[in-house]
Student: 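I have a structure here, written as structure tokens, and I will follow up with some questions on it.
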Amino acid sequence: MTALMEVDGLRAGYGSVEVLHGVSLSVREGEILALVGANGAGKSTLLNTISGFIRPSDGDILCRGHSILGRAPAVIARAGIRHVPEGRRIFAELAVEENLMLGGYGLDRERVLERMKWVYELFPRLIERRSQAAGTMSGGEQQMLAIGRALIADPKLLMLDEPSMGLAPIVVAEIFKLIVKLRDAHGLGILLVEQNAHAALRIADQACVLSLGCVVKQGTGAALLSDQTFIEAFLGGRSSV
Amino acid sequence: MFLQVVVSGIVVGCVYGMAALGFTIVYNATKIINFANGEFMMLGGVLLAGLVAAAKVPIPVGILAAIAGCALVGWVLQRGVLDGARNSDPLTLVMLTIGSALALRGAAALAFGRDVSFVPEFGVLPLVLLGNVYIPSQGLWIIMVLVVVSAALWYVFSRTMLGKAMRAASQEPRAAALCGIEPRRTAALAMIMAGSIGGLAGAMLAPMSAAFYENGIFLGLKGFAAAVAGGLGNPLGAVVGGLLIGLVESLTSGFVASGFKDAVSFMLLILVLILRPQGLVGKAVVRRV
Ligand SMILES: Nc1ncnc2c1ncn2[C@@H]1O[C@H](COP(=O)(O)OP(=O)(O)O)[C@@H](O)[C@H]1O
Ligand SMILES: [Mg+2]
């Protein structure tokens, strides 16, 4: 089976500074790929390159076998790769429902309204707040909105950049439960970037460890979790959530 | 006498409101204050004057040409100047709009001369006399056009997906791109809209105050003040701000002295900003992080 999305030997960075030194990975349908690694390893840079904000200097990015290299971010988004950026980046001055509608910008309105119902089922808390300015919500609600906004467009691949950042453990648990549900009940491919490596590995099918712009370890989530040297080197042996 | 002063204040206020709408549109789509906005109005006036007086073009055709010309200038300003620096900080972009304003002023002086030129009134609408208060025909035109244009803009920004996409792109350009919106396209569209409305406003104003290549400076300042007073980003706020400044100016020159009108209207702006930083019509944005 061809992968939903495949990154092959990707080199990219900012100006003359290369941050990613030949990264390869792939995500299949109905699979969670956890990408873990220390702060500054290049995780966000990788997602931004896949989304088309950064032009790689070498390597290829394939979406179901076709290269999406050089496409504009809006085009890549419409091709079914949806990126929930680090820091959520909701449209703070617009209402919650307007944020969701914009997730389906350029798509058939009937279809968007249908998908919106589904997103409200996933996140019932957003219904009560539908006409409230998005910036007035709590961090957890904003994260749910950011994910909901990406789901409106019925993506094939969802890329989440540190969805647990700055959230209370109980909210993080809720969001992780939802990620699992999206995979199991809806068959989405998910690329999950996390600092919270333990929690991410526990739900991941596959996992990659990124260090200084290189993939230094790859395997199933369970294998990485039971790898004692890896746990000590990258996670400091501590467990959370 | 008092009512007559109020009426002329309203007409002047509508002109300022039109000037403010351009700031509102561009701010809504990019969060940039476009100080070349007054020059769109200046260009609308001199284009119409050039076409009608010199080239003997019928007025309606001249107005359409002024609108189209200013829309084109707006598009070139966005694509040719601002897009090239879109990764710079906002202050640089604002400086670029000021530079572009100076360039447009110079270009207008070269192309149309440094003389004041006149355009006949549009006519068609009557001069209305209510008791001893009269509303000039050109004033009626300006009021009507402002009502239509501001209502249309309010609709676009608060009811249509395109308008919301423009606002989204100004708040979070990257997140907007991740939703399939193209921030460069919405920015260009906003500048085209601001250009056309500026061109229309300048053409409407030309029969009342003559066309002159230096008109853009004061129209820009008044429009900016009106947009800020009303609450940046809100088309109805732009109109309210424009009316307020127009009325205050008119009352000041009618009952105090015309030399004070600018000082009084800008003092009023400062007062508004102290009492209601979000503007008269704006909603305060509460933000949690
Ligand atoms: N906009 C930028 N310009 C220049 N360097 C950047 C930029 N963003 C990130 N970097 C650098 O790229 C490296 C990787 O950053 P990032 O991808 O954000 O890491 P992570 O998401 O894994 O924490 C870091 O060294 C960081 O300083
Ligand atoms: Mg990051």
Side-chain angles (χ1 to χ4, degrees), chain A residues 14-15 44 47-48 50-54 71-95 97-107 109 112 132-142 145-146 149-150 152-153 155 158-159 161 166, chain B residues 24-32 79 83 86-88 154-190 231-237 277-279 281-289:
Chain A
Y14 305 91
S44 298
L47 295 201
N48 284 330
I50 295 171
S51 286
F53 290 116
I54 300 169
R71 306 266 176 88
V75 175
I76 292 172
R78 275 185 238 126
I81 297 182
R82 287 281 162 149
H83 175 175
V84 180
E86 190 171 65
R88 313 187 260 274
R89 303 284 165 185
I90 48 142
F91 307 125
E93 294 163 35
L94 293 173
E97 190 148 298
E98 290 173 329
N99 270 266
L100 291 178
M101 289 294 291
L102 285 169
Y105 184 74
L107 306 179
R109 195 181 165 82
V112 169
Q132 185 178 330
T136 61
M137 297 200 301
S138 73
E141 289 162 343
Q142 291 190 13
L145 177 60
R149 184 177 65 183
I152 288 281
L158 192 62
M159 303 197 292
D161 197 344
Chain B
T24 298
I25 297 165
V26 172
Y27 180 81
N28 261 345
T30 60
K31 292 265 144 105
I32 296 294
R79 278 289 148 97
D83 266 3
R86 68 182 175 282
N87 295 325
S88 320
W154 171 82
Y155 182 80
V156 165
F157 283 116
S158 62
R159 291 288 181 272
T160 69
M161 283 305 281
L162 177 65
K164 289 172 188 177
M166 289 169 96
R167 287 163 64 199
S170 76
Q171 291 168 30
E172 291 286 354
R174 284 195 160 209
L178 294 175
C179 289
I181 299 164
E182 291 174 60
R184 284 182 62 193
R185 200 176 280 181
T186 53
L189 184 62
L232 260 177
N234 185 331
L236 300 184
Q278 73 273 33
V281 179
K283 264 186 287 186
V285 182
V286 189
R287 208 186 273 241
R288 261 152 80 169
V289 269

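Proteins get letters first, then strands, A, B, ... in listed order; numbering begins at 1 in each. All of these numbers come straight from a predicted model, not from anything done at the bench.
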Student: Hey, is CZ on B/Arg185 packed in by over 12 heavy atoms from elsewhere, all under 6.0 Å?
Tutor: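 Incorrect, the count does not exceed 12.
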Student: Show your reasoning for whether salt bridge (Lys or Arg N to Asp or Glu O under 4.0 Å) applies to A/Glu98 and B/Arg159.
Tutor: CA-CA 10 Å; A/Glu98 290 173 329; B/Arg159 291 288 181 272; over 6 Å; no
Student: Distance check, rounded to the nearest 0.5 Å: B/Cys179 atom SG versus A/Met101 atom CE?
Tutor: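 With rounding to 0.5 Å, SG (B/Cys179) is 12.0 Å from CE (A/Met101).
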Student: Just by modelled atom types, is the B/Ala175 backbone N or O under 3.5 Å from a matching donor or acceptor in the A/Arg89 side chain?
Tutor: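 Side chain of A/Arg89 to backbone of B/Ala175: no pair is present.
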Student: About how many Å separate CG of A/Asn48 and CG of B/Leu178, when rounded to the nearest 0.5 Å?
Tutor: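 If we round to the nearest 0.5 Å, B/Leu178:CG and A/Asn48:CG are 8.0 Å apart.
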Student: Is chain B contacted by the side chain of A/Ile90, its backbone, both, or neither, given a heavy-atom distance below 4.5 Å?
Tutor: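 Contact with chain B: backbone only.
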Student: Out of B/Arg174, B/Met161, B/Lys164, B/Glu182, return the one with the most heavy atom pairs under 4.5 angstrom to chain A.
Tutor: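 The option with the most such pairs is B/Arg174.
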Student: Taking every non-hydrogen pair under 4.5 Å, which of A/Ala77, A/Gly87, A/Gly166 racks up the most with chain B?
Tutor: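 Most heavy-atom pairs under 4.5 Å with chain B: A/Ala77.
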Student: For residues A/Tyr105 and B/Ala165, report the shortest heavy-atom separation together with the two atoms involved.
Tutor: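 Smallest interatomic distance, heavy atoms only, reads CE1-CB, 3.5 Å.
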Student: Give, for atom CZ of A/Arg78 and atom CD1 of B/Ile181, the distance between the pair rounded to the nearest 0.5 Å.
Tutor: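 Taking CZ in A/Arg78 and CD1 in B/Ile181, the distance rounds to 9.5 Å.
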Student: To the nearest 0.5 angstrom, please state how far the CG atom of A/Leu102 sits from the CD atom of B/Glu172.
Tutor: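 Between atom CG of A/Leu102 and atom CD of B/Glu172 there are 12.5 Å.
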